[in-house]
Every structure is written in C-alpha cells, then in structure tokens.
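Values reported hereafter were calculated over all heavy atoms of this structure, with side chains retained and with hydrogens, waters and symmetry mates removed. Note that ligands are numbered from 1 as they come in the structure, with each ligand's atoms numbered from 1 the same way.
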Amino acid sequence: MNVKETIEKRRALRSLDPVEISDELVLDLAEVVKIAPSCANKQPWNLIFIREKRILEKLFITLSAGNKWVKRASMIIAVFSKPENDCIIGERLYYLFDTGMATAFLILRATELGLVAHPIAGFKESQSKEILGIPNEMRLITLVVIGKHSKDFNPVLSDAMKLGENQRPPRKSLDEYVFINHFDNEFLTSKGKE
Ligand SMILES: Cc1cc2nc3c(=O)[nH]c(=O)nc-3n(C[C@H](O)[C@H](O)[C@H](O)COP(=O)(O)O)c2cc1C
C-alpha cells in the first residue's frame, strides 16, 4: 500500500494536454466511488462522465471567468446529490460529506493513473444542470476536470496560477487546525500536558 505517495502527488493543476478517455478508465473511476464509505451505506452520489466534445463545449460556456483553462479538459465528471439521499441527523446533513469523500477517492485513483483530476466550484450551477439533464432539486456539487498535465503553461493562466503549476499553494500550519483533547488546546503547546 502506498496511499500517501498518491495523496502527495495529487495537485489541482491547470495546464492540460489531451488524454484518451476509454470505457475502462470511466469504469475504473466509477468503481472506486462504489466502495467509498457513506452514512448507513446510503451512497448518496451521482456522477455523469462527460467525454463527448459537443456536451463539453456546452459546459465550457457555464464556467466562471477564472476557469478558462478548463476548456482543455478531455473529460469532466459532474458530481451531484441531494440532502435526502443521505443521513440527516438533526442539523447534520451528510450528503456533501459522503459525496466529497467518494470524490476524493476518484481523484486519488485518477492521480495514481497519472492523470490530473481537478475539482472546481466555478461554474453556473443551474445552467450546467440544464445542459446535463440534472433535476432541479439536486445540488451540482463539483465538476472534476480530467486531463494530462502539460509541461507548457496554458496561456490563459494568471501569474498566480502559473506559480501554482510549479508549487503547491501554502497550507495552514498544524497548530491552526489540530487540537489535542479540547478545542482550546493548541496542538504544539499541549505536548506533554496530557
Ligand atoms: C471544492 C473545490 C472547488 C474548487 N474550485 C476551483 C475553481 O473553480 N477553479 C480552480 O482553478 N480551482 C479550483 N479548486 C482548486 C483549489 O484552488 C486547489 O485545490 C487549492 O488551491 C490547493 O491546491 P492543490 O490542490 O494543488 O494542493 C477547487 C478545489 C476544491 C476542493
């Protein structure tokens, strides 16, 4: 097992070259979603694998201004669900969490296969749903953009995006989000206090 290597390799890259989208690839990615965990095994996710150029081009029209790089996608995976598809425990709605976990599995598997799998939120939801025939009550949570990483920058990238192609954007330090025993204990300063 070497999950960590794949986790570390995954990047939200934006300079894409075309890649062949075979039935085998679609099935492979769909299968890892199947075995993701979900609350009471509800499996709330729905996916549309879009590889037909005509439909991809329609979707490109729904992208936000900063997502012009997506136009070089070989496939887009639309990920959608609705609250009633999953556990609702008081105010805790699990459909986004479980669908997100399953999507992470898909992204990691695509990474392992040498692909870029980049989730985006920058698209017009209702317009995209109409193009794809997704019912109104569903939330189109993300579009996962699939391609092969290109060594050459896509000319539509901003300077910040170009920087991001070569180095991972900075992260919070552990002490900003990790706590031991209690929320007001700082991770690093709590060592030895247990
Ligand atoms: C839910 C979600 C929405 C995102 N939306 C966009 C987007 O619309 N456009 C974009 O270029 N990147 C988008 N990203 C990518 C993030 O900007 C990227 O994951 C983050 O900067 C960290 O970079 P890394 O994934 O390469 O480590 C999105 C990522 C997630 C998880």
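- One finds a salt bridge joining E57 and K53 here, because a Lys/Arg side-chain nitrogen approaches an Asp/Glu carboxylate oxygen to under 4.0 Å.
- Residues satisfying the ring-ring contact (aromatic ring centres under 6.0 Å, His included) test with W45, not counting sequence neighbours, are none.
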Contact table ligand 1 N or O to protein N or O, d under 3.5 Å:
from: ligand 1; atom 1: 5 (N); to: A121; atom 2: N; distance (Å): 2.9
from: ligand 1; atom 1: 8 (O); to: N67; atom 2: ND2; distance (Å): 3.0
from: ligand 1; atom 1: 8 (O); to: A121; atom 2: N; distance (Å): 3.3
from: ligand 1; atom 1: 8 (O); to: G122; atom 2: N; distance (Å): 3.0
from: ligand 1; atom 1: 9 (N); to: N67; atom 2: OD1; distance (Å): 2.8
from: ligand 1; atom 1: 11 (O); to: R14; atom 2: NE; distance (Å): 2.7
from: ligand 1; atom 1: 11 (O); to: R14; atom 2: NH2; distance (Å): 3.1
from: ligand 1; atom 1: 11 (O); to: N67; atom 2: OD1; distance (Å): 3.4
from: ligand 1; atom 1: 11 (O); to: W69; atom 2: NE1; distance (Å): 3.3
from: ligand 1; atom 1: 12 (N); to: R14; atom 2: NH2; distance (Å): 3.2
from: ligand 1; atom 1: 12 (N); to: H118; atom 2: NE2; distance (Å): 2.8
from: ligand 1; atom 1: 14 (N); to: P119; atom 2: O; distance (Å): 3.3
from: ligand 1; atom 1: 25 (O); to: R10; atom 2: NH1; distance (Å): 2.9
from: ligand 1; atom 1: 25 (O); to: R10; atom 2: NH2; distance (Å): 2.9
from: ligand 1; atom 1: 25 (O); to: A12; atom 2: N; distance (Å): 3.4
from: ligand 1; atom 1: 26 (O); to: R11; atom 2: NE; distance (Å): 2.6
from: ligand 1; atom 1: 26 (O); to: R11; atom 2: NH2; distance (Å): 3.0
from: ligand 1; atom 1: 26 (O); to: A12; atom 2: N; distance (Å): 2.8
from: ligand 1; atom 1: 27 (O); to: R10; atom 2: NH2; distance (Å): 3.2
from: ligand 1; atom 1: 27 (O); to: R168; atom 2: NH1; distance (Å): 2.9
from: ligand 1; atom 1: 27 (O); to: R171; atom 2: NH1; distance (Å): 3.3
from: ligand 1; atom 1: 27 (O); to: R171; atom 2: NH2; distance (Å): 2.8

Start with the C-alpha distance between S38 and Q43, add both sets of side-chain angles, then the distance that settles side chain to side chain donor-acceptor pair (under 3.5 Å), and finish with yes or no. CA-CA 6 Å; S38 59; Q43 304 162 66; 5.4 Å; no

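- Taking the charged nitrogens against the carboxylate oxygens, R92 and D86 have no contact shorter than 4.0 Å, which rules out a salt bridge.
- The pair K162-E165 fails the salt-bridge criterion, with no side-chain N (NZ, NE, NH1 or NH2) lying under 4.0 Å from an Asp/Glu carboxylate O.
- Salt bridge absent: K42 and D98 never bring a charged side-chain N and a carboxylate O closer than 4.0 Å.
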